[in-house]
There are 4 protein chains.
Amino acid sequence: MTPKTKEQIAKIRTRSKDKILMAALDLFAKKGYHNTSVSAIARHAGISKGLIYNYYDSKEELLKGVIEMLMEDSSEFFLATQKEDPNEALRSLFVLLKNYLIEKRGLYRLAVSLSVQEEVGKFEFLKDIIEEKFQGFLTVFESLMTKKGVKNAKGEALLLGALFDGISLQYTFSEKYPLEEVIDFLIEKYCK
Amino acid sequence: MTPKTKEQIAKIRTRSKDKILMAALDLFAKKGYHNTSVSAIARHAGISKGLIYNYYDSKEELLKGVIEMLMEDSSEFFLATQKEDPNEALRSLFVLLKNYLIEKRGLYRLAVSLSVQEEVGKFEFLKDIIEEKFQGFLTVFESLMTKKGVKNAKGEALLLGALFDGISLQYTFSEKYPLEEVIDFLIEKYCK
Amino acid sequence: MTPKTKEQIAKIRTRSKDKILMAALDLFAKKGYHNTSVSAIARHAGISKGLIYNYYDSKEELLKGVIEMLMEDSSEFFLATQKEDPNEALRSLFVLLKNYLIEKRGLYRLAVSLSVQEEVGKFEFLKDIIEEKFQGFLTVFESLMTKKGVKNAKGEALLLGALFDGISLQYTFSEKYPLEEVIDFLIEKYCK
Amino acid sequence: MTPKTKEQIAKIRTRSKDKILMAALDLFAKKGYHNTSVSAIARHAGISKGLIYNYYDSKEELLKGVIEMLMEDSSEFFLATQKEDPNEALRSLFVLLKNYLIEKRGLYRLAVSLSVQEEVGKFEFLKDIIEEKFQGFLTVFESLMTKKGVKNAKGEALLLGALFDGISLQYTFSEKYPLEEVIDFLIEKYCK
DNA sequence: AATGAATGAGGCTTCATTCAT
DNA sequence: AATGAATGAAGCCTCATTCAT
């Protein structure tokens, strides 16, 4: 009865969706959401425009798909924070940040470029997600700082939060940013 | 019809250009470059679409005009760095950053949103400007840190650079960001 | 895989075709031809898009199929006209009209909505069919009127023709149309 | 100051809107709403696609504009009904119907083709307008019939309503419809 | 016989830009 | 200097149709 098995179809769908998501991520990150056309995504993915609408109802839904994909695997970060020794935990976080920036270049760029827009109600959901993540990090930083016994743990936590974002932004911006050097210095300064 | 002296005409021109620039800055900053239409700028400025093209050859030229306007008055920052006492200089810089962010909300947003785009050759000039500013700050930070006699002056300078950007970004993002608190803590930590 | 006899296959084909035709009639009638997508028909019929093209070469051919189906069973009407007594014949016709409208709500709507289009050569065949039916009715009406001995039989026939269409149109239009009342009045007026 | 006077602009706008409305009416009536593209309207009007959106926010708004234009001048009909003698009033109505159909060929076609669609909420407003007009006619017919002293005035009014629509529909459909003949017969039958 | 992924032409709409006044 | 009607390229999206399985 069934000409293609459900598994076959599912595999095809997954593969196509992935192609689309990767192409979209790539272009959104490089050129920004508004400056990326659906045609360009299709071309980049090597498929037809129409197919995109087979999987996503609109360009905006596609964006949501991209963001969801990106949000999936941030578990590592919170694993790192479970370490007993706060110095070790911080060292892990710094290294994770470095690897994350290197491996997912463009992702941070995308997050920033989307958040930076004020269109009410359209990317609002993204702001919420980021705000939540940020508060999570802040809490972790503060408890680590408390463990380390610093005077103003909350203030230090805020600075660390700003540092993470500042480093990410500058690395994303400039090809020449001395990421390794900065991370090493952070470890030396914070982890002993 | 009414004859006008050259001065009158010049004044009119200046006033119109200003109106256009302010409207464009406002909208570019709030909604992003690609998401702002020339019509919207004209409406926001209370003039006609046509007039914009009387002063700027294209939307892109208008953007350049906006950026140039923004770059004009960063002299305060470098005045602050001239102070003898490095602690005082740093304090001034922190306070200037705070005031700049509060007074020109949205401007940093614009800079980021533009820089984040990779379209070759289009906003490249902006990246260059920013890179140059950034290197200027870095040099200043490093010399201040050296004056303060810290061990790794270059490393500390890089961290300060990241902090400036991180704080700016987070303040731009979130209405709730405790800017005062952060600046106060920075002063306490770095200026004595 | 499973071997099927010719009869089984034929039965399956007939059943599928019927499902398609009914779904298409339903949607064409409700939403109009141009405003109904092949996908929607497939969904409504509970089958795949592809299957429709197994039976009909195009959306237009499918429409032709629907129309042919509709034209098949108008025999009742002409049976009614065979009655000896013209008053009885008319009464039957009025009642048939009422039942037809009630039972096949939407069908008249479809006929009108298709006929109303002027695209040369596309639905032209439908116009011809309708024209022919109309002339048939006119002839019947005229002969009945002659039998009844009215003065201007042709004029009265034309009016009856217009009445049939007007009533159908208005009933199709408006949920509140007093069809029963109108038919009763017609019978009272014409059948004695 | 003002380069074009307001009157000039107003005249230009009116002329353009008229061109658009006429083209839209023409095509909507001939080919139906869904089967008429905005491009086709622009081509038919001899203007660019974009200009249409200078005057109408969407294709649907354009349709509303067309309908409003059509609804503007139905005053004649109600003037006719004011006559003292019901026979004279009816005669005027019959003649007006004839002239209306001849002069505004296509208009009735448009009304029917739009009303025939069931899309909730889209053309609903048109149905309301038509329903209202129809009830208006019905009331007029009934009072005329009462004046004439017929037995079942309401029933006769309903028949007249159906006749108007039926005649309109058949004339709209068929090039060969004997409109003159039918109207003459109506006058003979109803107006003495 | 039957499925649904894939295509691409064409539909509606937006918008940077031009130009007559 | 200033206006806004007009243009047309390009953007998002729909849908009839094809085809591998």
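Order of the sequence lines sets the chain letters (A, B, ...), proteins ahead of strands, with each chain counted from 1.
Comparing B/D57 and A/R13 by the nucleotide of DNA chain E whose heavy atom lies nearest to each, the residue mapping closer to the 5' end is A/R13. Projected onto DNA chain F by closest heavy-atom contact, D/I52 and A/S37 fall at different nucleotides, the more 5' of which corresponds to D/I52. With DNA chain F read from its 5' end, the first of the two nearest nucleotides for C/G50 and B/G46 is the one closest to B/G46. When each of B/A40 and C/I47 is assigned the nucleotide of DNA chain E with its nearest heavy atom, C/I47 is the one assigned upstream, toward the 5' end.
Summarising the geometry, the separation between CG on A/N35 and P on F/dC12 is reported as 10 Å, rounded to the nearest angstrom. To the nearest angstrom, C1' of F/dA5 lies 11 Å from CD1 of D/I20. If you take CZ of C/F28 and P of F/dA16, they are 9 Å apart, rounded to a whole angstrom. Look at CG on A/L51: it is 18 Å from P on F/dT18, rounded to the nearest Å. Rounded to a whole Å, the CG atom of A/N54 is 11 Å from the C1' atom of F/dC15. As a whole-Å value, the separation of D/I41 CD1 from E/dG11 P is 11 Å. Going from atom CD1 of D/I9 over to atom P of F/dA2 covers 16 Å, rounded to whole Å. Atom-to-atom, CZ of D/R15 to C1' of E/dA20 comes out at 13 Å; the value is rounded to the nearest Å.
With C/T172 contributing its side chain and C/Y108 its backbone, the two residues share no donor-acceptor pair below 3.5 Å. Looking at C/Q8, its side chain does come within 3.5 Å of a backbone N or O of C/T5 through a donor-acceptor pair. No side-chain donor-acceptor contact under 3.5 Å links A/S113 to the backbone of B/S113.
With both pairing distances under 3.5 Å, E/dC19 is matched to F/dG4 as a Watson-Crick or G-U wobble pair. The partner of F/dC13 is E/dG10, judged by Watson-Crick or G-U wobble contacts that both fall below 3.5 Å.
Taking CE of A/M71 as the start and CD1 of A/I130 as the end, the distance is 6.0 Å to the nearest 0.5 Å.
Between F/dT7, F/dC12, E/dC12, one nucleotide has an atom nearer to the side chain of D/S48 than all others, and that is F/dT7. Residue B/V38 places its side chain closer to E/dA16 than to any other of F/dG8, E/dA16, F/dC12. Between F/dT17, F/dA1, E/dG11, one nucleotide has an atom nearer to the side chain of C/S58 than all others, and that is F/dT17.
OP1 or OP2 of F/dA6 lies within a sub-4.0 Å distance of a side-chain N or O belonging to D/Y55. Dashed line: the shortest gap from a side-chain N or O of A/S39 to OP1 or OP2 of F/dG11 is not under 4.0 Å. Between A/S16 and E/dA6 there is a side-chain polar atom (N or O) within less than 4.0 angstrom of OP1 or OP2. Taking 4.0 angstrom as the limit, D/Y53 places none of its side-chain polar atoms (N or O) nearer than this to OP1 or OP2 of F/dA6. Dashed line: the shortest gap from a side-chain N or O of B/K49 to OP1 or OP2 of F/dG4 is not under 4.0 Å.
Both the sub-6.0 Å distance and the 45° axial angle are satisfied by B/K59 relative to the ring of B/Y33. Cation-pi check for C/K64 over C/Y56 is not met; the charged atom does not lie both under 6.0 angstrom from the ring centroid and within 45 degrees of its normal.
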